[in-house]
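Taking it in order: structure first as structure tokens, then the write-up.
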Amino acid sequence: MTDLAYAAGWRMVRLLPERVAAVAFMAAADVAARRGGRGARRLRSNLARVVPPGTDLDRLTRVAMRSYARYWLEVFRLQDISRDRIIGGMRMLDEPRLRDALASGHGTIAALPHMGNWEHAGAWLAANGEPFTTVAERLEPASLFDRFIRFRSALGMEVIPLTGGEQPPFDLLADRLNKGGTVCLLADRDLSAAGVPVVFFGATATMPSGPAALALRTGATLLPATLWFDRDGWSVRIHPAVPHTDVARMTQALADAFAEGIAAHPADWHMLQRIWRDEPPAARTGTGT
């Protein structure tokens with residue numbers, strides 16, 4: 001039933017006029033923000049960490065929920081967006097850093113937080129003739145996971161399951177990088193029990209060790225990237241490459257780059273899960289930081 005609901009909703013959103021679908025998604029986001037369910041409360045709690053004291057968290061949470069709704073709307077409609085719009089609508093800051101890494105032939109790891117529309121960023125990369133590999137967390141039911149795999153594959157991405165694959169994802173990713181390929185990884189939330197402690201907005205969080213460990217094993221360039229929405233398009237900033245030192249310092253460097261991007265565009269950070277160690281499982285509901 002879950003898969004059927006997604007399939008029906010996906011098809012309906014693709015059939016609706018874009019403006020009509022956008023109005024519906026924004027309205028749904030406003031309702032979710034007002035109701036203050038678990039995800040909205042956690043988003044509000046996370047945002048309280050990253051903005052200055054005195055920020056109107058109610059308004060910011062509403063805007064952030066709208067940004068998250070825009071992400072899903074665009075995901076559902078991404079296959080219908082023309083290649084010209086995917087490429088032309090992207091504004092990339094410091095693009096030479098990415099181009100130089102891709103041209104080096106040593107492999108490139110793009111590490112991103114859950115910001116803006118990372119699916120569109122992947123589609124932009126593929127549309128520019130740069131195929132890449134990524135990892136996807138398994139969804140239930142399996143048919144829904146398979147649907148998202150087909151969606152991403154149709155956009156030009158190679159998708160490796162985080163768990164349950166024929167080979168460990170780390171080995172497959174290392175193989176792609178050793179052949180000069182590109183790997184894109186969401187890296188601001190640890191999905192294992194072996195995350196690396198980092199200082200993130202003044203408190204301890206854990207982030208995955210994979211990007212740094214892959215870079216050290218393969219010699220690939222590790223590039224942090226942060227993303228946000230423009231009114232009619234998308235923006236990405238390519239941060240300076242992370243020097244190869246050790247996993248702990250390299251992961252902290254990623255966290256610092258992510259923090260810089262998130263502080264500049266907090267409403268486009270779609271983090272509806274717990275990431276800081278010192279916060280209880282139940283999301284905070286107060287207005288303070």
Side-chain angles (χ1 to χ4, degrees), residues 39 42-43 46 50 64 67-68 70-72 74-75 78 98 108-126 130-139 145 148-149 151-153 155-163 165 168-170 172-174 176-177 181-196 198 200-201 205-215 220-229 234-239 242 247 250-262 265-266 268-276:
R42 174 60 66 192
L43 177 62
N46 288 338
V50 308
S67 175
Y68 189 46
R70 176 177 170 179
Y71 161 76
W72 279 108
E74 291 181 353
V75 166
L78 191 52
L98 175 62
T108 302
I109 304 167
L112 305 85
H114 289 77
M115 285 187 74
N117 189 336
W118 54 93
E119 305 281 2
H120 172 269
W124 178 90
L125 196 60
E130 297 291 346
F132 66 93
T133 305
T134 190
V135 175
E137 182 182 3
R138 282 198 177 273
L139 303 173
F145 177 73
F148 273 96
I149 292 294
F151 159 70
R152 290 177 173 129
S153 296
L155 295 172
M157 312 177 192
E158 180 190 22
V159 184
I160 297 172
L162 179 63
T163 56
F170 189 91
L172 288 170
L173 295 174
R176 303 300 186 267
L177 292 167
T182 302
V183 167
C184 296
L185 298 171
L186 291 167
D188 59 339
R189 181 167 69 95
D190 179 43
L191 296 175
S192 71
V196 179
V198 295
F200 192 51
F201 289 101
T206 56
M207 292 186 180
S209 62
L214 281 167
T221 302
L222 178 56
L223 288 176
T226 52
L227 311 87
W228 62 96
F229 287 122
W234 309 267
S235 287
V236 177
R237 180 184 177 193
I238 306 299
H239 295 257
V242 174
V247 168
M250 293 172 72
T251 306
Q252 181 63 61
L254 288 179
D256 293 343
F258 294 166
E260 181 181 348
I262 291 166
H265 304 278
D268 289 328
W269 186 41
H270 308 145
M271 184 51 66
L272 281 69
Q273 294 82 23
R274 179 188 180 194
I275 61 169
W276 279 282

Of the non-hydrogen atoms in [X] and [Y], which two are nearest, and what is the gap between them?
| X | Y | value |
| --- | --- | --- |
| Ala225 | Phe258 | O-CE2, 4.2 Å |
| Gly39 | Leu272 | O-CG, 3.6 Å |
| Ile275 | Arg189 | CG2-CG, 4.1 Å |
| Val159 | Ala136 | CG1-CB, 3.5 Å |
| Thr251 | Pro208 | CG2-O, 3.9 Å |
| Ala121 | Leu227 | CB-CD2, 3.5 Å |

Which residues share a salt bridge (Lys or Arg N to Asp or Glu O under 4.0 Å) with Arg237, sequence neighbours left out: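 Listed in chain order: Asp94, Glu260.
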Going by the rule salt bridge (Lys or Arg N to Asp or Glu O under 4.0 Å), which residues pair with Glu130 if we only count those two or more places apart in sequence or in a different chain?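 If we apply the salt bridge (Lys or Arg N to Asp or Glu O under 4.0 Å) test to Glu130, skipping adjacent residues, there are no hits.
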Residue list, side chain to side chain contact (heavy atoms under 4.5 Å, CB included) with Ala259, at least two apart or on another chain: Phe200, Phe201
Once rounded to the nearest 0.5 Å, what's the spacing between atom [atom1] of [X] and atom [atom2] of [Y]?
| X | Y | atom1 | atom2 | result |
| --- | --- | --- | --- | --- |
| Thr133 | Ile160 | OG1 | CD1 | 5.5 Å |
| Asp188 | Leu254 | CG | CG | 10.5 Å |
| Tyr71 | Phe229 | OH | CZ | 9.0 Å |
| Phe132 | Leu125 | CZ | CG | 6.0 Å |
| Leu214 | Leu222 | CG | CG | 9.0 Å |
| Thr226 | Ile238 | OG1 | CD1 | 8.0 Å |

Going by the rule side chain to side chain donor-acceptor pair (under 3.5 Å), which residues pair with Gln252 if we only count those two or more places apart in sequence or in a different chain? Asp256
For Ser67, side chain to side chain donor-acceptor pair (under 3.5 Å) partners two or more places apart: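 With sequence neighbours excluded, Ser67 shows a side chain to side chain donor-acceptor pair (under 3.5 Å) to Asp268, His270, given in chain and number order.
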Do the side chain of Asn46 and the main chain of Gln273 share a donor and acceptor less than 3.5 angstrom apart?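 Checked: pair present.
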Can you sort out the partners of Trp124 under ring pair (Phe, Tyr, Trp, His ring centres under 6.0 Å), two or more places apart, ordered by chain and number? none
Determine the sole option in Val236, Thr182, Leu223, Thr221 for which the side-chain contact (heavy atoms from CB on, under 4.5 Å) test with Leu98 is passed.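 Single pass found, and it is Leu223.
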